[in-house]
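See structure below.
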Amino acid sequence: MKTQLTLRVNGAPRDVPLSFVGRRLLDTLRLELGLMGVKEGCGEGDCGACTVLIDGEPMCSCLLLTGVVEKCEITTIEGLPAAFLTRFSAICAEYGAVQCGYCTPGIAVMAAWLHAGGTELGDQPISKLFAGNLCRCTGYQQIIEALTALR
Amino acid sequence: MSEIQPPVQGPVSATRATERARGLARYAADLILPGTVLVGVARSPHAHARVISIDTKPALEIPGVLAVLTPADFDGIELGHPDTDEPVLTRVARYVGEAVVAVAASDQDSLLRGIEALHIDYQVLPHACSVADALTLDQPLHAAYPDNVVRRFNAKRGDWQAAEQRVSTWVSGTFQTQAVPHAYLEPRATLVRVNGELLELVTGSHFPSVLAETYREIVAGWGAQLEVVTPDIGGSFGAKWEHPTHLICLAFAHRLGCDVAMVLPRRDDMIAGRTRLAMRIQMRIGATDDGELVAKETVLWADNGAYSAHGPAVTLAAAIRMDNLYRFSALNAKAQLVYTNNIPSECFRGFGSPQSAFAQEQLIDELAERLGIDPIELRRRNAVRAGDTTLHGWQVGSCGFTECLDAIQQRVQAHQHENPPSINSRYRFGYGVAAGTHGISNRGYDRRFDRALLSLVLAPDGMLCIESGEVEIGCGTVDLFGAIVAERLKLDRERIRVVLGDTATVPYGLGCFASRTAFFGGRAALDASRQFARACSHLAIEIGLPAKASIATVIDTAVAVGRTTELRATGRYEPKHVTLPDESGYGNTSPAYTFGAHACCVRIDIVTGLTNVVHYWAAHDTGRVLNLQRARGQVVGGVHQGLGFALAETTLVDNHGRLQNPGYLDDRVATFADAVPVECIFTSTFEQEGPNGAKSIAEPPIIPVAACVANAIHNATGTRQRRLPMTPERIWRSLHTEG
Amino acid sequence: MMPTVSPVLRPSYLPPVELHRPNDLGELFACVAAGACPLAGGTDLVVWASQRGEPRQLAWTGGIDEWHIVDISGQQVRIGAAVPLSRIARSGELRSLISAVIEGASVVGSVQLRNQATLVGNVCTASPGGDTLPGLYVHDAMVDVVNAAGSRRSIKISEFICAPGKTNLAPGELVAGVTVRGLGPLEGSAFCRFTQRNALDLALASVAARVRFESDEQTVAQASIALGAVGPTVLDAGQAAALLVGRTLEPTQLRECANLAAECCQPITDHRASADYRRQLVRALTEEIVLAAAKQVTAGCASVEAS
């Protein structure tokens, strides 16, 4: 009988105890795999701080049970391409897009998704695409400016 | 943008911002190690009830449950600042969600089972969830306050009778503002690490040094010592001070002798969190025919919620601070702060002024209309100016208020010119204006002193460490201090490490609140840099370097020859001309004051009442701008919090005192899709007292917003909004009742 | 006063959940028979479980391959129970075939939530304010129900949903998918809702309309209107729609229709809005959305939305 659940996280297989099958992916990533870039803001899918990519698509890891994504490729901010993160963080700093920074990892994951996503959603306004990522500090303007520059 | 001097800090040096954007920042919950004991609480389902009995046995029988704490474990300990009235675990629940029993367990599943297994019997008491109900409730919430009134304030200035005789026109109104949660993204998280007899409290707060001071006294009774470790903090806006969760975790950690942690789920964070004080404000303002503002009277009731926290200070500020914006001849303010069975209130960005601005700045608008004077012109004629001493004792140094008014007038006129009014049956457009003022720190906050300390210490590895109890809550303090020191000492920013709020190493600091940190901490950083440079010169001579050797050279040599310990300096700032305010709030409470004027253009859908803010202008006198992007960030962010306060956010409580909207879904914090274009304008003011001429910008941007939008709604529709939030339904209703 | 023993207000942590991951219908039915609650996207269920502490036994429906199918045959569209909203919302073909459903699906939550939430989940949640429901009503959705014995029945959505959060699903039954009647020639449909925020909000009122014209493209041959968030379930405003039949969409007709829709709805007053305000919203939205549905016939459909 299986005693481990094998997930594919940031390109590598990661074993977690079978007891994590029914736990939130957010908890598995943070508590078991130590991926602290994934943040919990609301636990109800309303803030997007816990956004991860599941087979390349953004989802809220607070609403996903771990067992559900066993066969999927899971990407957290820690697994985003280094060159992308360097550029993203430099632009964020340049445009003043980060204040407390708690929402930023989720926004980074969304930005990476858009970056990789090609043309399908390319013409959608940022304000609509990122509506699932709340920020209480910035009033969004400088994040929008940074994301526009990133595009 | 007005002419401004070049910012001190280029965005390139924003190293902490870069770390955060890479997901490398660590907040309290990120520092919890696997295997840490977890803590949770059972909360009261009643708004007001006496706890009759607690049976912890069924919980303790659950495997994995390690310990349970009850109110008896915290007898004699009450929290609050400066008033102490809040129990850690309560024998009398005074709001729905108050913590009654705490459980510690080895894992989350056992913790939940333990909490669910508790038996708590209550005797339900009559409750009051509004000020009006509390004033007539025959049941005091706190025995020491039989009428539920926590505090009464009276502030009478000038010759009221003489002033009254000069008034030709009065305008008056009663305004109601609501409670709103701070809604920071990082829910409250507390970690306590045990290191022998030392308890390390890891949590983001406004004032680690004060937190440590308060809790040391308590844990000393247990024979323990305490230090506070300050991780990154995911927003606060006035919410994160002392909190029962800290002491619950400290007590468990001490009792169990191991690390414990508690992270609140969002719902719990909102149910048992803190809110802005709801207020009812009766105000009247009198003027002469030629537009001189003469007299202002304020009668204010504030909802304290179940416990005081900063309620008294906020109430006094709401009663008087906004008066300082204009040259009134006489003022008369009365305020009452009332206990209710609502969530405890707390200070929130703006410290009472957004509430009173909502009243005052609408009445100024009404006066302008009645007198036939342009609303900006009326404000300009009466504006406080540099060199004034206001009726409340503020000695105004630099003042760019009229410059702010000029700037928004010019912007609004240009916008009106480019967008001539369109005749449309469904949408109405309108413009509004409002102003605000704020202090920088508050001498009355801590009766002992108001000062900042900042140390520069050369570490053995050659890094220059900035150490201070003046902390960052997301405004960019770390990067600002780093930039100031780097610039003064001509050092690469990469050679500087910033440690804020770790009480074991940093000098005592009052902390980050009252828009004080950049100003006070910035001055201390300048002073520390000066002293450090002097220490470098001395050492340079001793070790055979030229006296004018660069700081970097001296540091490198000191590391090489093992004399790093000689390079340290502590900078200090304590303003000289501030005075401790009296009970009525009279005094020169801040070393400098900030001013701002806002304008906006709104579009109202008269069919649904929906208000769209089409454009927003925010002009601020913040002294010299130290970092343009950061300053903009504070303004745009503050305006959006203000727009939430104005149009959407509220705490909805049912008849039983239960919060109806404990989450982001129904609290309606603005999303990306609700972002409004905000144009920021900074005046050319230079503040002699400030660091490099700067003042502050954290709180001022939220103050005028609700009033500004209300004035625009009136301009568009002819209806006056007296109640917040100005939801589409309320606007629609006012259109249908007023015509 | 008598002492009361009250339930403890528990922290909103997700309780320990036993998650089953059946690979076929037989296994799924066995799990459900053993007491597990079916879990589709989880965007509501996981939140409820955290708040209420139950259910604690879940059976994920994502492992049922045939439930991932979207099948378009002619005018008929069948959407399987495991299909996320984003998949249908991004389909240009579906957008022109079942516009009102897709417009509803496109405004649910956020990009992230639409990747997780399913259309059938929205149906089974049975919220009167569910954003996809008014569209499903005007598109004559049939809910495909199966039981462990393999027998199937198809229930009209208006009969399937019977009260807020309540459906007529019998014990031992599961929803396998929904079948909707797409637009034919000279037909258009549309959906809109009123929210205070521009995103991530719940509708205070919502309306879907479907209009078929005579060959003159002006006279209404058939119309249906469904109202959301203004009654215990989505309401079929049949009388209001009937007013349009045989007429052209003149402003007076539209107003009359909207007024009747506002009259026939049964809104409640709650913490989000009052009953009469909701009525007003229905009035405003109905006029707007009937026109939008009509416009689709002449102007084609909107572009693919983010999802």
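In what follows, every chain begins at residue 1, and chains take the letters A, B, ... in the order their sequences are listed. Quick note: numbers below take in every heavy atom, side chains included, and nothing from hydrogens, waters or symmetry partners.
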### Query
Any donor-acceptor pair under 3.5 Å linking the side chain of C:R21 with the backbone of A:G67?
yes
### Query
Counting heavy-atom pairs under 4.5 Å to chain C, which of A:C60, A:G48, A:G45, A:A131 comes out on top?
A:C60
### Query
Are the side chain of C:N115 and the backbone N or O of A:P58 linked by a donor-acceptor pair below 3.5 Å?
yes
### Message
Measuring from atom CE of A:M59 to atom OG1 of C:T43, what distance do you get when rounded to the nearest 0.5 angstrom?
### Response
11.0 Å
### Task
For the residue pair C:V111 and A:F130, establish whether any side-chain heavy-atom pair is separated by less than 4.5 Å.
no
### Beyond-backbone contact of C:Q51 with A:E44, side-chain heavy atoms, under 4.5 angstrom
yes
### Query
What part of C:L39 is in contact with chain A, defined as an atom under 4.5 angstrom from a non-hydrogen atom: side chain, backbone, both or neither?
side chain
### Query
Are any of the side-chain nitrogens in C:E18 or A:R23 under 4.0 Å away from the carboxylate oxygens of its partner?
no
### Inter-residue atom distance C:S110.OG - A:L129.CG, 0.5 Å rounding
11.0 Å
### Residue that, paired with A:E57, satisfies salt bridge (charged side-chain N to carboxylate O under 4.0 Å, His left out) out of C:R114, C:R90, C:R87
C:R90
### Query
CG of A:L134 to CG of C:L200: how many Å apart, nearest 0.5 Å?
6.0 Å
#### Entry: Note, C:Q116 side chain near A:L63 side chain (heavy atom, < 4.5 Å)
yes
### Message
So for A:I54, is it side chain, backbone, both, or neither that comes closer than 4.5 Å to the heavy atoms of chain C?
### Response
neither
### Query
When you look at CD of A:Q4, are more than 12 heavy atoms from neighbouring residues, nucleotides or ligands closer to it than 6.0 Å?
yes
### Interface residue of largest heavy-atom contact number with chain C, from A:L64, A:V68, A:V21, under 4.5 Å
A:V68
